[in-house]
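Here is the structure we will look at.
We name chains A, B, ... by the order of the sequence lines, and we start the count at 1 in each one.
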Number of protein chains: 2
Amino acid sequence: MPRMSEADKQRSHRRILDAAARLFRENGSEATSVAEVMNAAGMTHGGFYRHFGSKEELVAAAFRHAVDGVVAGIEEEETPEGRAGERDAYIAKYLSEAHLKDLGKGCPLAALGAELARAGQAPLHEGAEASIRMAEVLRHSADPDNTQGLAIMALMMGTITLARLAENPEDAHRTLEAGKTGAALLQENWK
Amino acid sequence: MPRMSEADKQRSHRRILDAAARLFRENGSEATSVAEVMNAAGMTHGGFYRHFGSKEELVAAAFRHAVDGVVAGIEEEETPEGRAGERDAYIAKYLSEAHLKDLGKGCPLAALGAELARAGQAPLHEGAEASIRMAEVLRHSADPDNTQGLAIMALMMGTITLARLAENPEDAHRTLEAGKTGAALLQENWK
DNA sequence: ATTTTAAGATTACAAATATCATCTAAAGGA
DNA sequence: TCCTTTAGATGATATTTGTAATCTTAAAAT
């Protein structure tokens, strides 16, 4: 287990980011140790600092990596209606039962938004950028502030958070339905 | 520092809950140690287990205590318009700049909702109850599921979470405005 | 009044964890 | 080919943390 090629190092780096992006979303960044991440990436904890200067740095990088993945997933979705179809498809997917339990691949802002705000400067910065990027996906009008996109994003984040707290599937379903109704309303009746 | 009267014990218990409810909201329950809570309550960590069986138990109890405080604060607000005025006042207060930084007294669901879902059975149960109680405050119609209240609550939670991630006051303000516009829309145009 | 109980302080302890030092062997440059 | 560098493994360290044992002393119970 000695020195590996530059390409191998990049693959390792990627595996660390993949593992962290999943584990942080599933269990929170504070409840996940560096060793756990490295282990999930198929390595021991020792090599970690060849890739990141600190855990805080990893939190920021893994969060951005997670957002990158989600945004790419949306954009590669082919719909006949173009951007509007993409948007509607994402809203439906976001407010689905599948997204409820699939924390590890789910919305990074919903899973980590609250703790990012107290995780240091770099993670906070990534959170700020993610807010704008994720809302951009939902943009309707040419409004430069994209307030509509922000509002729909906020409604969806809150909905999935509430639905994940439900104790039975019926309550979770009801919450998701409330979110869907609300999102449709915000789309149709905006200002 | 010996045995105290029953009344004194209750006062201590209350101080622990107050401290935990604030510190958990400010820094997260995972990032806050039992010793920190006890210290903020004016005691050493030794006596903690006379009051709670485990930290997880404290997380659940402190979260409920926080929700109790918020709900009580809403209900004692006197408005000329009765319950509708109460509701509007709470929405305005929730989506205010003051609520942005006042994490320690702010909405427990926004601060802790995501981590409650992974903090064990008792905390999860409190989260589920809180969802219903907090949405109840926002109820408009006689809809037994209170989907409108749920949607408005979700929108507000997401809005404050996004606004807290903003890097400058302007972006935070824009996000709050988006939430206010959305909330008004959900109130006026529901189904 | 005497005995029992228990709140909170002090101390102890075992587990977890972020970070660092060292070692290895192979990669990349000379 | 030789030399320097470095990815990742192994192991160590210092700190933090949840929990428990023990002690003191006054409150309750008898």
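- When the salt bridge (Lys or Arg N to Asp or Glu O under 4.0 Å) test is applied to E177(A), the partners found at least two apart in sequence or on another chain are K180(A).
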Which donor-acceptor pairs under 3.5 Å do the side chains of residues 36-48 of chain A make with protein atoms, sequence neighbours left out?
| unit_1 | atom_1 | unit_2 | atom_2 | d |
| --- | --- | --- | --- | --- |
| E36(A) | OE1 | S33(A) | N | 3.0 |
| E36(A) | OE1 | S33(A) | OG | 3.4 |

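- Residues satisfying the salt bridge (Lys or Arg N to Asp or Glu O under 4.0 Å) criterion with D8(B), sequence neighbours excluded, are R11(B).
- Every residue was checked against the ring pair (Phe, Tyr, Trp, His ring centres under 6.0 Å) condition with F24(A), not counting sequence neighbours, and none meets it.
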For residues 74-82 of chain B, tabulate all N or O donor-acceptor pairs below 3.5 Å that involve a side-chain atom, not counting sequence neighbours.
| unit_1 | atom_1 | unit_2 | atom_2 | d |
| --- | --- | --- | --- | --- |
| T79(B) | OG1 | G82(B) | N | 3.4 |
| T79(B) | OG1 | G82(B) | O | 3.0 |
| T79(B) | OG1 | E86(B) | N | 3.4 |

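- A119(A) meets the side-chain contact (heavy atoms from CB on, under 4.5 Å) test with P123(A); sequence neighbours excluded.
- Taking the salt bridge (Lys or Arg N to Asp or Glu O under 4.0 Å) definition, one finds that E26(A) meets it with R22(A), sequence neighbours left out.
- Each end of the helix from dA1(C)-dT30(D) to dA27(C)-dT4(D) gets its own axis, taken as the rotation carrying the C1' atoms of four end pairs onto the next four within a five-pair window, and the two axes meet at 10° to the nearest 10 degrees.
- Every ring pair (Phe, Tyr, Trp, His ring centres under 6.0 Å) that H51(B) has, sequence neighbours left out, goes to H13(B).
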Distance-only criterion, 3.5 Å: show the donor-acceptor pairs between side-chain atoms of residues 147-162 of chain B and protein atoms not counting sequence neighbours.
| unit_1 | atom_1 | unit_2 | atom_2 | d |
| --- | --- | --- | --- | --- |
| T147(B) | OG1 | D143(B) | OD2 | 3.0 |
| Q148(B) | NE2 | L186(B) | O | 3.0 |
| T159(B) | OG1 | L155(B) | O | 2.6 |
| T161(B) | OG1 | M157(B) | O | 2.9 |

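- Contacts between residues 42-51 of chain A and DNA chain D, defined by a heavy-atom separation under 4.0 Å, are made by M43(A), T44(A), H45(A), G46(A), G47(A), R50(A), H51(A).
- Within residues 8-35 of chain A, the residues that place at least one heavy atom under 4.0 Å from DNA chain D are, in residue-number order, K9(A), S12(A).
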